[in-house]
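Here the structure is laid out as structure tokens; the discussion comes afterwards.
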Amino acid sequence: MTSSATSGEPAEAVNKEVAVITPPPVYSQIQVINEDKEFSNNVNAYLQKVDLLSAGLNYHLISVFGSQSTGKSTLLNALFGTTFDVMDETKRRQTTKGIWMSRAKQDRILVMDVEGTDGRERGEDQDFERKAALFALATSEVLIVNIWEHQVGLYQGANMGLLKTVFEVNLSLFSSPNKSLLLFVIRDHIGVTPLDNLAATLTADLERIWDSLIKPNHLHDSKITDFFSLQFTALPHKILQPQSFTKAVDCIGHRFELKHDKNYVFDKSYHRNVPADGWSIYAQNVWEQIELNKDLDLPTQQVLVARFRCEEIAAQAWERFENDVNPVEGMSGLVAGLGDIIGPARTTALEIYNSQASRYTPKVYEVKKKELVAKIDTKLAQIYSHHVSILHKIALQKFNSSVASELGRPHYLFLDAIQTAKSETLDTFVAAATEAQIAGTLLSFESELQSLTFDIVEAVSRLRALEAKKLGTRITRRVTSDLDDKFPKIYKTPSEDLWDRIVLTFREALEKSLANYEVEKDGVVTYDLGLGGTAAEVVIEIDQIKMEAWKVLYRKMREFSKPDSILIRLREHFEDSFKYDDKGIPRVWKPSDDISEIYSASLKSTMLLLPLFATARLANGETVFPDSEVVPALERDEEIDIENFPILLSESQKLPIQSDLKRIADSIYVDAKRSTIESIRQVPLYFYILLLALGWNEILATLRNPLYFAALAMVAGFVYIAYSLNLIGPIMAMGNAAFEKAVVIGKEKLREALDIKDVASSYGNATATAVKPSSPETDADIPLDDMDENGDILAVKESKVSPGKFN
């Protein structure tokens, strides 16, 4: 879109630091022809005002044509930045009266807004609308035909009758008319019917109209394309789809601005070759010639009467039809026996019209009948369309409930359930939709049937996805079970091929789980999950299952490679290597054993396992990594760090494990050293020699006595059996514990006995002293402990010193 720079200021004078965007200019408009068919005398003054009077041939003229209140002015304002008055949606009345003109925001383009056709304000007076349409066609390079989508295919609704009259008079008035472009803008296009189909319908209608024209002799074999170029475009609903409408308008605007656009509308052959300063005279002459043409005059009185009466009768028939169908039109639910209601209503309305209107001019009678039939059928189409849309919803609900019921059974076949439900649903829909059809009409449910089929396909696709997910869950659960069963055994025997065995176990578990779904055809093994779908969809589902299985492996690798788990595994390996020899026999440490060497070798071999657990690496040096077909999906998964898939422990995590393992190994080493020192500190050898020398006689006595010898043999046998079973240590521990317990119990019993005796003795002495403190019977009755070195009785002596001690 271009904009003019300010006059007299060079482009370099614009401040480069601040981007100034000049808004497009807004021009006023002029009424070229008023509603009384009078041509304005101020056209040249207006062209002078908008700087186009001196444009020469460097300008273009565009007009719009269409029914009243269809948004013509709104379209022009949106396309060209004009300010034509637009209709108030709340009042629905005529806005544009006569023909108005304004300069567009685009460079050197004039736009004419023509009064709409078929307005209630003019009623049956079609004189002005015919002449205005002809004037626009005769003077404009581009004629924009504004039409609703639902008017396509209609004769009067699409203004085909008016176009036919205009084309015919255009050929008769102007023997060699200039070529023009007819740009059909189809409004409120919802997209159900493709634009190409709508364009084909309009083109066929125009060609049929052209072939029926009464042409001059020299133009008898001409075609519509000799005088008109045709373009078609569509606009979505302005209110319901404002953003899409604005975007589509911008795209149409490119046709008027961008010369390189393939649909650029301006062509030299369209231009009338009238300089701008002479256009006012040219246009006024064209209008006068149109005004004087009798072919555009009103019809005869007889035809007027026929039209009036036929329209009146049609209105009565229409009123009867509306009364008959109103009860079902407003119903929100399904209407049973709809065809038996709307069919007779249509028949009754047409009988009313035929019985009364057939007496008038046949041509008018037929035309008005077609209009009535079209109006009735349009209403029926709306009712029928609403009816089949409800059938659509009910059928889809039935399909979903039927499938849910089938899939809720313990054992089911997915494809059979889907096919049965789909077939029953479509058959029910077709039967109900056919029952409501009316013979002799174009009521059709094909588009709704296609929509229902599409919705069912979408529903099946969702169900397949859920079923595939359930199936994938079952398969990954089996893979998880296999890995839980086999992984601990593999981790207990770490070696260089640890990860080769793990990956092999994983792949075997996955292949075993998928084996039930393998299908061989022509020597090629594929998969069939029993869910239908194309081969590509099955491949995607299998890849999804494999991806979930790889996620299981990812979690298991990290579960078995936690720092605590690895430390336990390394400790077990160190203890197995340090405490057991190569044959798996426990080591009994002797002073002659090189414990330090064994310790160093065991610790070194254990430390070498840490990198094996820290990084999933195969024996050939390659790291464990998922298959290429599942990598893209794993990259999108937030749980998986695909770049660090084989990295199980970082360097910072390995250091604590190494230090903890060293500390544990040192503790085990110290215990082993301590056991050898204790064995060195046992009873010296000379003690056994001395014991043998001193007890020789007793040994001989024991050997010579059969009873002693048998007891000795039994003790020796018991000791040998206990030694063979490694029970010497436990027996000695039990003996020591029993002995220590016996000593404790003995001490407690002895202490109790001594305490009782002391209490009794003290009590007896105290009593004797209190009764007879100074007159013992004999000296023999007084214990020596109760006398001092001189033989005096201590108790008596003390009582003399402290007479109140026993009080």
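Atom set for the values below is all heavy atoms of this structure, side chains included, hydrogens, waters and symmetry mates excluded.
Checked against salt bridge (Lys or Arg N to Asp or Glu O under 4.0 Å), Glu149 has no partners two or more places apart in sequence or in another chain. Partners of Arg462 by salt bridge (Lys or Arg N to Asp or Glu O under 4.0 Å), not counting sequence neighbours: none found. When the side-chain hydrogen bond (donor to acceptor under 3.5 Å, both in side chains) test is applied to Ser451, no partner is found at least two apart in sequence or on another chain. Every residue meeting the ring pair (Phe, Tyr, Trp, His ring centres under 6.0 Å) condition with Phe228, not counting sequence neighbours, appears here in chain and number order: Phe167. Arg346 meets the salt bridge (Lys or Arg N to Asp or Glu O under 4.0 Å) test with Asp377; sequence neighbours excluded. Applying the salt bridge (Lys or Arg N to Asp or Glu O under 4.0 Å) test to Arg108 and every residue at least two apart in sequence or in another chain returns nothing.
Residues Leu79 and Gly253 come closest through the heavy atom pair CD2-N, 3.7 Å. In this structure, Ser73 and Phe84 approach most closely via the heavy-atom pair CB-CB, 4.0 Å. Of all the heavy atoms in Arg255 and Tyr264, the pair that sits closest is O-CD1, 3.1 Å. Scanning all heavy atoms of the two residues, the minimum distance from Ile147 to Leu202 falls at CD1-CD2, 4.2 Å. Among all heavy-atom pairs drawn from Ser280 and Asn44, the shortest one is CB-OD1, 3.4 Å. For the residue pair Val388 and Ala433, the shortest heavy atom distance occurs at CG1-CB, 4.1 Å.
Judged by distance alone, the side chains of Asn34 and Glu38 do bring a donor and an acceptor atom under 3.5 Å apart. Remark: the His150 side chain and the Asp188 side chain contain no N/O donor-acceptor pair separated by less than 3.5 Å.
In this structure, Val325 and Ile383 have side chains that are in contact, with non-hydrogen atoms separated by less than 4.5 Å. In this structure, Ile342 and Lys379 have side chains that are not in contact, with every pair of non-hydrogen atoms separated by 4.5 Å or more. Within the 4.5 Å cutoff, the side chain of Met112 has no heavy atoms near those of the Val64 side chain. Two residues are said to be in side-chain contact when any heavy atoms from C-beta on lie closer than 4.5 Å; Pro236 and Phe245 meet this criterion. With contacts defined as side-chain heavy-atom distances shorter than 4.5 Å, the pair Val185/Val145 does not qualify. Side chains of Ile190 and His237 form no contact here, defined as non-hydrogen atoms less than 4.5 Å apart. At a threshold of 4.5 Å between non-hydrogen side-chain atoms, the residues Lys131 and Trp287 count as touching. Side-chain contact check for Gln29 versus Thr83: some heavy-atom pair is nearer than 4.5 Å.
Looking at Ser269, Ser229, Ser140 one by one, the single match for side chain to side chain contact (heavy atoms under 4.5 Å, CB included) with Leu181 turns out to be Ser229.
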### Message
Run the salt bridge (Lys or Arg N to Asp or Glu O under 4.0 Å) test on Asp205 and Arg208 for me, step by step, so that the C-alpha distance in whole Å, both residues' side-chain angles and the decisive distance to 0.1 Å come before the verdict.
### Response
CA-CA 5 Å; Asp205 291 343; Arg208 185 165 55 253; 2.4 Å; yes

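Between the side chain of Ser385 and the main chain of Gln382, no donor-acceptor pair closer than 3.5 Å is present. A donor-acceptor pair is defined here as one N or O able to donate and one able to accept, closer than 3.5 Å; such a pair exists between the side chain of Thr453 and the backbone of Leu449. Side chain of Asn77 to backbone of Thr74: no donor-acceptor contact under 3.5 angstrom is found. Checking side-chain atoms of His189 against main-chain N and O of Thr193 turns up a donor-acceptor pair under 3.5 Å. The main-chain N or O of Ala431 is never found under 3.5 Å from a side-chain atom of Thr434 such that the two would form a donor-acceptor pair. Between the side chain of His271 and the main chain of Leu57, a donor-acceptor pair closer than 3.5 Å is present. A donor-acceptor contact shorter than 3.5 Å links the side chain of Ser401 to the backbone of Gln397.
Note: Trp279 and Tyr59 fail the aromatic proximity criterion, with ring centroids not under 6.0 Å apart. Close placement of the Phe80 and Phe256 rings is indicated, their centers lying within 6.0 Å of each other.
Taken to the nearest 0.5 Å, the CH2 atom of Trp210 stands 9.0 Å off from the OG1 atom of Thr225. Atoms OG1 and CD, on Thr378 and Gln151 in that order, are 10.5 Å from each other to the nearest 0.5 Å. With rounding to the nearest 0.5 angstrom, the CG atom of Asp113 is 5.0 Å from the CG atom of Leu76. Here the CD1-CG distance, from Ile456 to Asn400, works out to 8.5 Å after rounding to the nearest 0.5 Å. To the nearest 0.5 angstrom, Asp455 atom CG is 10.5 Å from Phe399 atom CZ. Of the inter-residue distances, the one linking Leu391 atom CG with Lys398 atom NZ reads 11.5 Å to the nearest 0.5 angstrom.
Other residues, nucleotides and ligands contribute at most 12 non-hydrogen atoms within 6.0 Å of the CD atom of Glu319.
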